[in-house]
Number of protein chains: 2
Amino acid sequence: MIQSENKLDIQQLRANADAAGELLKALANPDRLLLLCQLSQGELNVSDLEALSGIQQPTLSQQLAVLRRKKMVETRRMGKQVYYRISSSAALSVIHVLYQHFCAGDAK
Amino acid sequence: MIQSENKLDIQQLRANADAAGELLKALANPDRLLLLCQLSQGELNVSDLEALSGIQQPTLSQQLAVLRRKKMVETRRMGKQVYYRISSSAALSVIHVLYQHFCAGDAK
DNA sequence: CAAACACTATATAAATATATATATTGTTTT
DNA sequence: AAAACAATATATATATTTATATAGTGTTTG
């Protein structure tokens, strides 16, 4: 039955689109992109991120909380510092593509 | 001056993050992703998109309007039909990456 | 030119996200 | 144990997005 196969395809596609949409919503904010861009170079603690991004502390914590909640990052505590790293390979892939398109031409 | 160089880097990064954020915001919705996914295979008119996506007409028009406004797609009229195609290469790149991560394992 | 068709626009209520200020929780140092 | 430090949590006003209903525009057909 072509009709029902087609239906299934749409449902499958929609499920995928929902999942991909969740990922993009987690990334679709300049602050969070900036943070993930820095983290794509390796693990950093919150003070590092604050200095490298120029994001003020309350906003920083709020946006890091979003990234934690949406499973984009994982953390590890060492003494007073909390270190962040990217935990989503899909997020990392998107960050790389964005880097190509939006940062590749920048002077170093 | 290391300090001012650093400042410049942050400003440049932020400008890039703003631009990339605009792109992701345009994509960060399941309906729009589904539409762009279909369009990544080639040009389609609105009736095609409605059938292929299962999105109801008013929502479809609203989301197509968003994609037009944000310059993700371009259109061309042929008689009564309006044909859509992806006009943003950055969007296309992101769609491809998402396909790899979220659709690659699907049964055909 | 009127009806049908394909599509776009407007309106509005509800849900989410953002900006910003303030308070709180752990950890180390003295 | 108190002070200082690094980070998280809460609160709230504003803005943006989404869902949904309804109206309108441009094109072809009879």
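Throughout, protein chains are lettered first and strands after them, A, B, ... in sequence-line order, and every chain is numbered starting at 1. None of the values given here were measured: they were computed from a predicted structure.
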Subject >> Upstream residue (5' side of DNA chain D) when B:Gln63 and B:Gln57 are each assigned their closest nucleotide >> reply: B:Gln63
Subject >> N/O (side chain, A:Lys80) to phosphate O (OP1/OP2, C:dG26) under 4.0 Å >> reply: no
**OP:** Looking at every strand, decide which applies to B:Tyr83 at a 4.0 Å heavy-atom threshold: base, sugar-phosphate, or nothing.
**Re:** nothing
Subject >> Distance below 4.0 Å between B:Arg32 side-chain N/O and D:dT18 OP1 or OP2 >> reply: yes
Original post:
What do you reckon, is OH of B:Tyr99 surrounded by more than 12 foreign heavy atoms closer than 6.0 Å?
Top reply: no
**OP:** Tell me whether the OP1 or OP2 atom of D:dT8 has a side-chain N or O from A:Arg77 closer than 4.0 Å.
**Re:** no
Original post:
How close or far is atom C1' of D:dA9 from atom CG of A:Leu60, stated in whole angstroms?
Top reply: 14 Å
**OP:** Look at the side chain of A:Arg14 and the backbone N and O of A:Asn16, then say whether any donor-acceptor pair between them is shorter than 3.5 Å.
**Re:** no
**OP:** Calculate the interatomic distance between B:Leu49 atom CG and C:dC7 atom C1'; express it in whole Å.
**Re:** 12 Å
**OP:** Respond yes when some side-chain nitrogen or oxygen of B:Ser47 is under 4.0 Å from OP1 or OP2 of C:dC7, and no when none is.
**Re:** yes
Subject >> Rounded distance (Å) that lies between atom P of D:dT18 and atom NZ of B:Lys25 >> reply: 10 Å
Subject >> B:Gln62 CD - C:dA9 P separation (whole Å) >> reply: 11 Å
Original post:
How do A:Met78 and A:Val66 order along DNA chain C: which one's closest nucleotide is nearer the 5' end?
Top reply: A:Val66
**OP:** Mind calculating the distance between CG (A:Leu27) and P (C:dA17) to the nearest angstrom?
**Re:** 13 Å
**OP:** Decide whether A:Ser61 and A:Gln57 meet the rule of one side-chain donor and one side-chain acceptor closer than 3.5 Å.
**Re:** yes
Original post:
So which heavy atom on B:Leu33 is nearest to which on A:Ala17, and how close?
Top reply: CD1-O, 3.7 Å
Subject >> Salt-bridge criterion met for A:Arg68 and A:Glu74 (N-O under 4.0 Å) >> reply: no
**OP:** Could you work out which one of D:dT16, C:dA17, D:dA9 sits closest to the side chain of A:Lys70?
**Re:** C:dA17
**OP:** Report yes or no: do A:His101 and B:Ser93 form a side-chain donor-acceptor pair below 3.5 Å?
**Re:** yes
**OP:** Starting from P on C:dA17, measure out to CG on A:Leu67 and report it in whole angstrom.
**Re:** 13 Å
Subject >> Bend angle of the helix from C:dC1-D:dG30 to C:dT30-D:dA1, end axes from five pairs each (to 10°) >> reply: 20°
Original post:
What is the distance from CD of B:Gln81 to C1' of D:dT25, rounded to the nearest Å?
Top reply: 16 Å
**OP:** Using only side-chain N and O atoms of A:Tyr84, determine if any of them is under 4.0 Å from OP1 or OP2 of D:dT8.
**Re:** yes
Original post:
Is B:Asn29 near enough to D:dT17 that one of its side-chain N or O atoms lies under 4.0 angstrom from OP1 or OP2?
Top reply: no
Original post:
To the nearest Å, how far apart are B:Leu44 CG and C:dA6 C1'?
Top reply: 15 Å
**OP:** Using the side chain to side chain contact (heavy atoms under 4.5 Å, CB included) rule, take B:Leu24 and A:Leu98 through it: C-alpha gap first, then chi angles, then the decisive distance, then the call.
**Re:** CA-CA 9 Å; B:Leu24 289 194; A:Leu98 294 176; 3.7 Å; yes
Original post:
Taking it one step at a time, do A:Ser88 and A:Leu23 satisfy side chain to side chain contact (heavy atoms under 4.5 Å, CB included)?
Top reply: CA-CA 9 Å; A:Ser88 160; A:Leu23 170 66; 4.2 Å; yes
